[in-house]
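Below is one structure, written out as C-alpha cells; the observations come after it.
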Amino acid sequence: GIKELQDHKNPEAIYLCAAFVKERYRGQGLSTVSFVKMIEKITKKGKIKPILFFEGWTEEGKKVAYKVAKVMKLEVMERK
C-alpha cells in the first residue's frame, strides 16, 4: 500500500493503471483528485518528479492521466 511506498526515497516513474467510477459520479473529478493525492503521498519527500506512465484504454482515461500530469507538473508518457 501507500504507507509502504512512502519510505521509498524517490520513485523514477509512476504507472496509472485504472480508476472505476460509477456512472452517476462521473464528471466530478473524483479519479483525478484521488490520483493526485496518492502521487503527492508517494513523492512528497522526493527531490525529482517521477515520469507518469499510463495506457489509455478509453478517452476518459487519457483525459484523467493528462489532467493529473498537468496538475502535478509531471512528464507524461502514454504506452500505445
Can you check whether T43 reaches I14 side chain to side chain, under 4.5 Å on heavy atoms?
yes

Sub-4.5 Å side-chain heavy-atom contact between V68 and L52
yes

Over all atoms of both residues, closest heavy-atom pair of L16 and A65
CD1-CA, 4.1 Å

Heavy-atom pair of closest approach, residues R26 and V21:
NE-O, 2.8 Å

Output for pair (K70 NZ, T32 OG1), nearest 0.5 Å, gives 12.0 Å

Nearest-0.5 Å distance that lies between atom CD1 in I51 and atom CE in M77:
6.0 Å

Treating Ile, Leu, Val, Met, Phe, Trp and Tyr as nodes and any side-chain heavy-atom pair under 4.5 angstrom as an edge, say whether I42 and V71 lie in one connected cluster.
yes

What's the shortest heavy-atom distance between V64 and S31, and which atoms?
CG2-OG, 3.5 Å

Going by heavy atoms in the side chains, are E78 and F53 under 4.5 Å from each other?
no

Non-hydrogen atoms of R79 and E55 that approach each other most closely
CB-CG, 3.6 Å

Has the side chain of K67 got a donor or acceptor atom that lies under 3.5 Å from a matching backbone atom of G29?
no

Could you tell me which non-hydrogen atom of R24 sits nearest to which non-hydrogen atom of Q28, and how far apart they are?
O-NE2, 3.6 Å

With the side chain counted from C-beta on, respond yes when K62 and W57 share a heavy-atom pair under 4.5 Å apart, and no when they do not.
no

Nearest heavy-atom pair of A69 and V76: which atoms, and what distance?
CB-CB, 3.7 Å

